[in-house]
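Structure record follows, encoded as structure tokens.
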Amino acid sequence: MRISSVGSSTTPGADLPDHPSFLWRNPEPKKHYDVVVIGGGGHGLATAYYLAKNHGITNVAVLEKGWLAGGNMARNTTIIRSNYLWDESAGIYEHSLKLWETLEQELDYPILFSQRGVLNLAHTLQDVRDSVRRVNANKLNGIDAEWVDAQQVKELCPIVNISPDVRYPVLGATYQPRAGIAKHDYVAWGFARAANAMGVDLIQDCEVTGLDVVDGRVTAVGTTRGTIGAGRVALCAAGHSSVLAKMVDLELPLQSHPLQALVSELLEPVHPTVVMSNAVHVYVSQAHKGELVMGAGVDSYNGYGQRGAFHIIERQMAAALELFPVFARAHLLRTWAGIVDTTPDASPIVGLTPVEDLYLNCGWGTGGFKATPGVGWCFADTVAEGRPHPLISAFTLDRFTTGALVDEHGAAAVAH
Amino acid sequence: MTVDHPQRRSPLAHLTAELAATPVGVSLSEVPFLTQLNLRVDPLGRAARAVEEALGATLPTAANTAVAAGDLDVLWLGPDEWLLVAPEGRQESLEKSLRQAIGTEHGAVVDLSAHRTTVELSGALARDLLAKGCSLDLHPAVFTTGSCAQLPLAQAPVLLLARDSEMPRYWLLVRTSFAPYVAAWLLDACVEYAASGP
Amino acid sequence: MQLIPCPWCGPRDEVEFHYGGAAHVAYPEDPQSLTDEDWARYVFFRDNPKGPFAERWCHTASCRRWFNAIRDTATHQVLAVYRMDEAKPVTS
Amino acid sequence: MSLYRLPDRGRVDRSTPVTFTYNGSPYTGYAGDTLASALLANGVHQVTTSIKYGRPRGIMAAGPEDPNALVQVETPFPEPMLTATTVELYDGLVASGLSGQGRLATEPDPARYDAMHQHCDVLVVGAGPAGLTAALTAARSGARVVLLDDQPEAGGSLLGTTELIDDRPALEWVEAAVAELDSLPEVRVLSRTTAFGFYDDGFVLALERRTDHLGFAAPEHLSRQRVWRLRAKHVVLATGAHERPVVFADNDRPGTMLAASARTYLHRYGVRCGQRAVVFTTNDSAYQAAVDLADAGLEVAAVIDARPQSPAGWAAECAERGIEVRSGHVVTGTTGHERVIRAHVAQLTDGRPQLRSGIGCDLLLVSGGWNPAVHLFSQAGGRLSYDDALGAFVPSSSLEAVTVAGAARGTFQLDGCLADGGEAAQRALAGLGRPTAGGTPPRPSAAHESAERPLTLWTVPDPDEQHAGATQFVDLQRDATVADVLRATGAGLRSVEHVKRYTTIGTAHDQGKTSGIISSGLVAQSVRAGIADLGTTTFRPPYTPVSFAALAGRDRGHLHDPERVTPLHLLHVAAGADFEDVGQWKRPRYFPRAGEDMDTAVLRECRAARESVAMMDASTLGKIEVEGPDAAELLDRLYTNLMSSLKVGFIRYGVMCGVDGMAIDDGTVMRLADDRFLLTTTTGNAAKILDWMEEWLQTEWPDLAVRLTSVTEQWATVALVGPRSRDVLALVAPELAVDNDSFPFMTWREAMVAGVPARVCRISFSGELAFEVNVSGWDAVTLWEALLAAGESYGITAYGTETMHVLRAEKGYPIIGQDTDGTVTPQDLGMSWVVSKKKPDFIGKRSFARAENQRADRKHLVGLLPVQRDILLPEGAQLVADPQIGPPPVRMLGHVTSSYRSAALEATFALALVKGGRDRIGQTLYSTVGDELVPVTVAEPVLYDPEGARRDG
Ligand SMILES: Cc1cc2nc3c(=O)[nH]c(=O)nc-3n(C[C@H](O)[C@H](O)[C@H](O)COP(=O)(O)OP(=O)(O)OC[C@H]3O[C@@H](n4cnc5c(N)ncnc54)[C@H](O)[C@@H]3O)c2cc1C
Ligand SMILES: NC(=O)c1ccc[n+]([C@@H]2O[C@H](COP(=O)([O-])OP(=O)(O)OC[C@H]3O[C@@H](n4cnc5c(N)ncnc54)[C@H](O)[C@@H]3O)[C@@H](O)[C@H]2O)c1
Ligand SMILES: Cc1cc2nc3c(=O)[nH]c(=O)nc-3n(C[C@H](O)[C@H](O)[C@H](O)COP(=O)(O)O)c2cc1C
Ligand SMILES: [Zn+2]
């Protein structure tokens, strides 16, 4: 397998590695599994992988209602960073980032993890305060983070317009050098292939339509391909978590919203890093083939339609051109949307549920791609051991009752 | 008590010349210092009738319509909310008569004369100009004379009134803090109609 | 871009509206008497169905009225709108 | 005249020659050409080389579906990645071929872009025969109709044919139709306009290219491109169909072209694309191309028809022209390099090609059938189903208020398209409740009746069995081949979506318009599934690429977002203020004098406020009037403290919390009358708080008789601050008793100030004796200038937000949003006094009782004094207990929220949120300053005048 670096060659297609010639089997579902993972997105696949790898639990099925990793995993802007504000978040995201750093070798799959650094721009004095606060907290949590001024922003990303004359000038940015992007599909396929190789059954076109609960304990899942017995059930359904939880009358503090993204045509390298801006509401990177990948905030209303409204895109383009005037004649090639499950404090919910043997991983909202290996690791451990892994123990459902929220709105408002 | 305001300044006074220099087909001007009162009463209540009597005008109950009575315009803003627009200097007398008419019934009268300023927009191209930033159907058969609507014009909230939908002639009532933006936006929208460019 | 039919102003672009989430979630009669769980339920937990959803919208850019709508969250189709003082209509 | 340009055909303007440069060589074409037609007319087929393998690539189509002919345009301004088939030629055009990656200009784009809203009863997309009849039928009824088409002129595929309608050339009918439409007042016809997105409720976005075709002559004042935001009651999609190729080995060689496209080049541009052609088809439509080319003087060597039987009528036409027809044959490959020189032809027996023979040609036309352009229909949520007879996906569900007509729904005969258009319009009119006007439907010339069904053939078996499929290109732009698809299915992939992502088929600029369905077909073959079940990949906007700038429109630069300003703004600008963005507002941050930096200016401004008198523009504060018998009750429910006990003429400070108990805003409340209050909000929160209040009022407590009105801009507010403020006020308000007894703290008065009516409040956000004077926005300048004049002898000093912050922080007054972050309660701020114990309930109260709120180590707002008195702590600095920090993670105790140099304290100081902070007062903590830790002493938050003696003057 060829593993290549980024942005060097003049023939962009030639840059990309070949995929392995075998990925996974397409087995018929068995009657019973030790663990049934619902949802074949990145989190579900990573969970299955680590169940097999770290815990030797291989009688596992991942049930996916559509095509594998066709949900948010197929449509996120792939930003990976760990510079979140609170200790609890720093713990899980940094654990994840460390895993990313060796994941390519671990999975023996070219996931194109590129640590090109992420800039979060500050445009107002309050942005500056919040940024400095986060940088300082990150440093004390052992996370590489810097505050850079506008001039340094320009050095890191020369096409950013740092003129003071724009509507919302760039006052500086936080910078995490180890942050970056990866190729989303390859990550999913890497986990899938490795899990498959260890015996995990990846079952597509298999929608879970019911959960059997006997004496307060989940025993099986009803699917469009028949009932499947389960020792334990791990829910990794992202945008559809509420719908599934409802099957066991479990109410979740989640709202599912459309979140849109877009790409341009392939362009010669112009954008060496990742730039995010809350205030003007856009984030941009240039992916490996050369397309600009961008996103903005969520559409305001609940929606399961995997599509959003176009004024969001138009606004985003205006914002992008404020920051990057050279993008004027780049072309919008494709837009799309995912369904993100947002929580009141912009932090995930991971752990046990009131239903025995039913485990929950949801609420990653607009920012869970970066957590894929980290949460897969911790969630697998939680499911295997029947207790919360220490790194996710703050992200209980219970926190909404006690009030011990992990409010990451500041670090996560345009959260990717 | 009317006070003499020697230095009173309207929000777009400094742009008078620019607004006057629009291309053929568009006229733009500020109509400063109009009296504007916000009125809230139950449309079915006794107070509403008393108000109508005092004003000599009906309170329109059809959404997004205005009625004119003499030099007074009554614009529907909501099911129990209207904006009364009158020539300059009438706020105190109008407020007084409204309060009197409402009496002890629950209502609200708020002087908003300085809250918004008014931009008059007319000419053959006026509708096109608005259509650049306003999602409402401005067809004269739809947004007829006397129609009014609150909505965004580009990025600014405005209150739009069709004084004459055929001619056409519109009023844009704009919160003063947004007025320079709206003026700049309108002037920029005119650029394409300038015969030889700006 | 959805057209949201304001019960007063008629159909207008969605940008004119503010989304208010689930409808018919009453403020508890006596919050102080609730358990922490019940209070948390009121504060943080809202229905999130796929399909018809009774939700609140406010026509902020225009008449500033709050109203209820039943909208299918899967298709975005607005099935009904009704004023705050009207009962929830039956949509099949 | 070149060998390839015919003297007597085409719609190009031969009186207007146009010179252009391609890949460095000069060429000539005509007005009315596209870059592609002009290149072809010059005998240039190769446009570029391919992205991955560097293979020569040419022009394959005549429209936006071309997967190959990518160019970079350099003049008048660089633009990446346009298809040569959609670039209209203009004088001075400089362009070059692109191998997949475009290049952005480094200088700013000078062009204007804008948007326009347009409503109509019926929107017709596509001005081919179906669209034109639909538009005419609808328009004749008096309906408001918009007809748009991406081409410079109407006619659709008729532009590339020689058909007759009503016994005259079809284009005469088109011309008459357009003239009639143009004459109707309620009709708008937009050419060069592509509908690129179909959203909910009849909302269609379209891009009009207004000046691109003018090149250097484009007038600067016109927008180059315009986004139309169309809202239609009914949409007729008459978008036609895209011809697709059949895949065979080396099918990417320049000179290989879609059959109907060659026909279009012939009839529309007067270009013959070669001298000797071979036509390879699976359906009837390519025969017309063969016949037309032959009639135009090309040698048509053969028609290779994959079907066992060629259609009799067409066979006869071919025979008449001496064109050999080989049915049951396929093209298996090509020879050539920059251009095809030979087509390899073989008989197909039981699906296997037999012995090959070569036919010399410089043009290889291919038709593998037609894909209805269902993109917009699918975007709008319409379902597709596979039509076996057509070998294509067609609209299958009915969408409310949408009708698909003509080739877009699989109607491929002209008569059918004309009829479809009329019926679509009738359906639309019926839905709108409009009667249809009469009129005879147009009648086309008779078409060849054919008994032969089209054959669905995605790919021809590769004679090179060793590298099977390696040069059989499915997506030419992505250099993705049949072998790639097979590798994907071999890897276990079953879904067309996976195959798309594995092979990248369909992800280039053309979004797989010609290749997508072939990929589906191949997958179906490979995994032995029905293509009907596999379906297509998802159609997403935009239909064709749209420049970012067009979408940004005029929302750029200073129109990007409104700059909200106060009535005093121009005075501040004239005074040289440095501004700060607060929400959308521009607020003066400080007023530097010559040679001053911010620190010096702020120290001076602070000193003036503390020692004499200073003033600031506070007009940006949100202001809400609350009126009605239940006004006090509403405020009691929303504020944490009691407002109903406030007396008329008095003012009270209040805090609002969310239901979660966290502080969301603060401000003052004036009681104007028993049933009237005026409250202020923070600058950035005005709209949010009004919405918040309305939400509670309308949705929870409709029984309360209260009405809320925003009066933010009605009032301009000037804060007059300092020990001399009373003296200055007395000068400008001679009738107002300003002494402490007559005008005590937290009261307000009505008075004439500077000759204008005013409401004067005695409140203080600085701890000094201070007043806030509110006047009508019209009178703001009068007031400001009068205060400046009256205060001159006291050295009255204008100050900005920075000084305001220092003054308030010295007093320990928090700023919601700066000293709080959504996780802070009033108690955390040390403001238990503002939380009523008496009220049975108010918003947020219940949350205070939660477990987390009981913890002693919650964060509290405290003061911090750096031990070294001149160190300014950075806002955002983190605090730790021990200077000896171990390895991370290090336990953090809180952070600095506000930090300033204080003239009054002659030291720096800060406010901070600190875990258990109130219990740490007097302790030493350590604050990060860069990579250092510096000791700080925890202090009471009120550092200046803790007794509050100064505010009474
Ligand atoms: C536009 C966009 C941009 C984003 N950008 C970023 C970013 O830059 N960085 C970042 O970190 N995060 C980002 N995210 C968020 C990230 O994509 C998600 O948080 C993350 O992918 C969620 O985990 P997942 O991969 O398991 O989810 P998914 O891939 O959505 O997996 C859930 C799966 O469950 C399946 N499922 C649902 N219901 C059922 C059922 N009943 N039966 C069987 N299967 C079911 C779904 O089909 C789906 O495949 C973005 C998201 C979007 C939409
Ligand atoms: N012989 C065959 O097999 C065959 C197959 C297909 C079509 N045809 C012929 O083609 C014609 C089809 O007529 P028709 O009216 O359905 O289609 P058309 O192809 O004549 O016209 C469609 C028009 O819509 C435009 N268009 C497409 N998408 C657009 C968009 N998104 N925005 C703006 N414009 C867009 C196209 O440029 C074109 O001008 C008939 O004459 C038919 O006989 C024949
Ligand atoms: C990081 C990233 C890069 C992408 N690049 C391209 C691209 O170059 N071309 C393209 O057509 N789509 C691209 N896509 C979008 C996908 O085609 C597709 O729209 C997305 O996976 C959502 O799936 P859907 O549109 O089929 O629903 C990209 C998506 C992501 C997440
Ligand atoms: Zn309304």
Side-chain angles (χ1 to χ4, degrees), chain A residues 11-14 19-26 67-68 70 87 90 123-126 129-133 136-137 140-142 166-168 185 204 265-268 270 290 309-310 313-314 317-318 320-322 325-336 402-405 407 409-410, chain D residues 51-52 54 79-81 100-106 108-109 197 199 205 479 487 490-495 497-498 501-502 509 511 540-542 545-549 551-552 555-556 558 560-561 580-581 817-818 821-823 847 850-853 874-878 888-890 892 895 928:
Chain A
T11 48
H19 293 292
S21 49
F22 188 72
L23 293 175
W24 58 75
R25 302 162 289 129
N26 289 287
W67 42 285
L68 212 62
D87 304 352
H123 298 270
T124 66
L125 298 176
Q126 189 55 40
R129 291 179 198 108
D130 292 341
S131 302
V132 171
R133 175 185 180 193
N136 282 317
L140 293 173
N141 272 321
V166 301
R167 179 66 186 88
Y168 295 108
D185 291 329
Q204 305 182 70
E265 74 268 71
L266 310 189
L267 297 164
E268 288 176 8
V270 286
F310 199 72
I313 306 280
E314 290 179 303
M317 292 290 94
L321 294 203
E322 285 298 284
V326 302
F327 289 172
R329 292 207 183 180
H331 298 102
L332 174 71
L333 189 74
R334 187 174 176 96
T335 60
W336 65 91
T402 63
L405 305 190
D407 195 318
H409 281 108
Chain D
I51 182 167
K52 198 165 162 187
E79 177 150 359
M81 219 170 267
Q101 277 190 338
R103 197 176 58 258
L104 294 173
T106 46
D109 180 359
Y199 286 81
L205 286 140
D479 261 352
R487 230 168 82 72
L493 302 179
R494 295 292 173 271
S495 157
E497 297 287 4
H498 278 142
R501 289 162 177 82
Y502 190 93
H509 71 287
Q511 292 285 292
R540 294 277 191 186
V546 182
S547 68
F548 284 14
L551 297 172
D555 289 352
R556 295 178 61 185
H558 284 272
H560 175 60
D561 202 41
E580 174 187 2
D581 287 308
Q818 175 170 343
D821 61 1
T823 69
S847 288
R850 293 180 306 181
E852 194 62 20
N853 293 64
E875 287 171 347
Q878 295 284 345
V890 176
M892 287 166 256
H895 75 285
T928 54

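Side-chain atoms are counted along with the backbone in the values below, which use heavy atoms only and exclude waters and symmetry mates. Sequence lines set the chain letters: A, B, ... in the order given, protein chains first and strands last, and positions in each chain run from 1.
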With rounding to the nearest 0.5 Å, note down the distance linking CG in D/Asp109 to CZ in D/Arg556. 6.5 Å

Partner chain D: residue of A/Ala309, A/Ser21, A/Ser131, A/Gly70 with the largest heavy-atom pair count (under 4.5 Å): A/Ser21

A/Gln126 versus chain D, the contacting section by heavy-atom distance below 4.5 Å: side chain

A/Leu125 versus chain D, heavy atoms under 4.5 Å apart: side chain, backbone, both or neither? side chain

With a 4.5 Å cut-off on side-chain heavy atoms, are D/Val546 and D/Leu551 touching? yes

Checking heavy atoms, do the side chain of D/Asp555, its backbone, both or neither come under 4.5 Å from chain A? both

Can a side-chain donor-acceptor contact be found between A/Glu265 and D/His509 if the only test is distance below 3.5 angstrom? no

With chain D, the option among A/Leu321, A/Leu405, A/Val270 that has the most non-hydrogen atom pairs under 4.5 Å is A/Leu321

Tell me, side chain or backbone of D/Thr106 under 4.5 Å from chain A's heavy atoms, or both, or neither? backbone

Specify which of D/Pro542, D/Gly492, D/Gly817, D/Gly490 makes the most heavy-atom pairs with chain A at under 4.5 Å. D/Pro542

Under the rule for salt bridge (charged side-chain N to carboxylate O under 4.0 Å, His left out), what residues qualify as partners of D/Glu875, not counting sequence neighbours? A/Arg129

Among D/Thr928, D/Leu205, D/Asp561, which has the most heavy-atom pairs under 4.5 Å with chain A? D/Asp561

Rounded to the nearest 0.5 Å, what separation is found between the CH2 atom of A/Trp67 and the CZ atom of D/Arg501? 3.5 Å

With a 4.5 Å limit on heavy-atom distance, are the side chains of A/Leu267 and D/Leu104 in contact? yes

Highest number of heavy-atom pairs under 4.5 Å with chain A among D/Ser847, D/Gly102, D/Ala549 belongs to D/Gly102

Where does the angle between the aromatic ring planes of D/Tyr199 and A/Phe310 fall among parallel (under 30°), tilted (30 to 60°) and perpendicular (over 60°)? tilted

Side chain / backbone / both / neither for D/Glu580 at chain A, heavy atoms under 4.5 Å: side chain

Which atoms of D/His498 approach chain A - backbone, side chain, both or neither, heavy atom under 4.5 Å: both

Not counting sequence neighbours, which residues clear side-chain contact (heavy atoms from CB on, under 4.5 Å) with A/Ala137? List them please. A/Leu85, D/Gln878, D/Met892

Heavy-atom distance under 4.5 Å to chain D: side chain of A/Arg334, backbone, both or neither? both

Counting heavy-atom pairs under 4.5 Å with chain A, which one of D/Ala105, D/Gly197, D/Pro545 comes out on top? D/Pro545

For the interface with chain D, which of A/Ala330, A/Pro325, A/Ala404, A/Gly142 has the highest count of heavy-atom pairs at distances below 4.5 Å? A/Ala330

Find the one option among D/Arg850, D/Gln511, D/Gln818 whose heavy-atom pairs under 4.5 Å with chain A are most numerous. D/Gln818

